[in-house]
Amino acid sequence: MTVSQSAPGKTKQLGIIGGGVMAEAILSGLLAQKAYAAADLVVSDVTAQRLDYLATTYGIATTLSNLEVVQTAATVVLAVKPQTFSSIAAEFAGSEIACDLWLSILAGVPLSKLEAALGSCAIIRVMPNTPALVGAGITALAPGKSAQPHHIATAEKIFAAVGEVLTVSETWMDAITGLSGSGPAFVAIAIEALTDGGVAAGLPRPIAAKLAVQTVRGTTELMIQKDLHPALLKDQVTSPGGTTIAGVASLEASGFRSALIGAVQAAYRRSQELGQ
Ligand SMILES: NC(=O)c1ccc[n+]([C@@H]2O[C@H](COP(=O)([O-])OP(=O)(O)OC[C@H]3O[C@@H](n4cnc5c(N)ncnc54)[C@H](OP(=O)(O)O)[C@@H]3O)[C@@H](O)[C@H]2O)c1
């Protein structure tokens, strides 16, 4: 791959390679927040049907050619599965690429591997999460050695449009993947289990589901707005001999805390493995 640092003649501001779940979360968030217009975006994927859906739903340009994305977009987001990365990088070998900025959201794939495959372009390793879809994501950025302040500013602009942004050292990225990248699934399971608990206690499922999701939403909103430590919130709602302390004792007996700690650790280790 021949690389030039400037990006003349680029017709799109942002390109995404891999139009899956995370790509849709990011692009729909960016459009909803008006951070980019549909005309600024292009997405590639291997499935024409998926591209038709994205083009029809969001009015963006789409292509089956990853190379076309790289050649037309100033900033390129890599949003394929980590296992696909080597074959994607091989597609660009021998092509002339005027790169400006690459943003990789691939779980586990380290900057060293990205930089070895993508040459001297500026690269930032990024870990977003799916609440980006509704502007409530949290994204960690780990800049590579060629990333300049204006590259970091571009990445911050993109991900600030879909939630909070933290810039961190790469050494934390696998742990962040295990916590906030995978965390929405853990929280979703907790909400599903709360719902099942309500059903087990005699509530109709739709009512239990509404109570469960709004309880989690309200609790997080309360903690954020009042800057409340979780232990304090728990203490405030556990009256002596009451219902809540009975439930807390049951959670502790079932190893709830250990289960969540173990889930984050397992996801962290898996992120490390994906980078091998
Ligand atoms: N989902 C999350 O919560 C989350 C959070 C943080 C980071 N990530 C990271 O984001 C990346 C994407 O995850 P995802 O959940 O969005 O996966 P996904 O839904 O499977 O999206 C990947 C997309 O890339 C397509 N694709 C496969 N091979 C391709 C190729 N050679 N060229 C272009 N497109 C290709 C896939 O098509 P097919 O399905 O037809 O193969 C699919 O549409 C992963 O690296 C993951 O680690 C995900």
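Values below: every heavy atom of this structure, side chains too, minus hydrogens, waters and symmetry copies. Counting starts at 1 for both ligands and their atoms, in listed order.
Here the side chain of Thr154 pairs a donor or acceptor atom with the backbone of His150 at under 3.5 angstrom. With Thr195 contributing its side chain and Ile191 its backbone, the two residues share a donor-acceptor pair below 3.5 Å.
Side chain to side chain, Glu68 and Ser44 fail the donor-acceptor criterion of an N or O pair below 3.5 Å. Of the N and O atoms on the side chains of Tyr53 and Gln49, not one donor lies less than 3.5 Å from an acceptor on the other residue. Side-chain polar atoms of Ser169 and Thr171 form a donor-acceptor pair below 3.5 angstrom.
Every protein residue with a heavy atom nearer than 4.0 Å to ligand 1 is included here: Gly18, Gly19, Gly20, Val21, Met22, Asp45, Val46, Thr47, Asn66, Ala79, Val80, Lys81, Pro82, Thr84, Ile88, Glu91, Ile105, Leu106, Ala107, Met127, Pro128, Thr130, Gly181.
For the atom pair CZ (Arg125) and CG (Leu103), the distance works out to 13.5 Å, reported to the nearest 0.5 Å.
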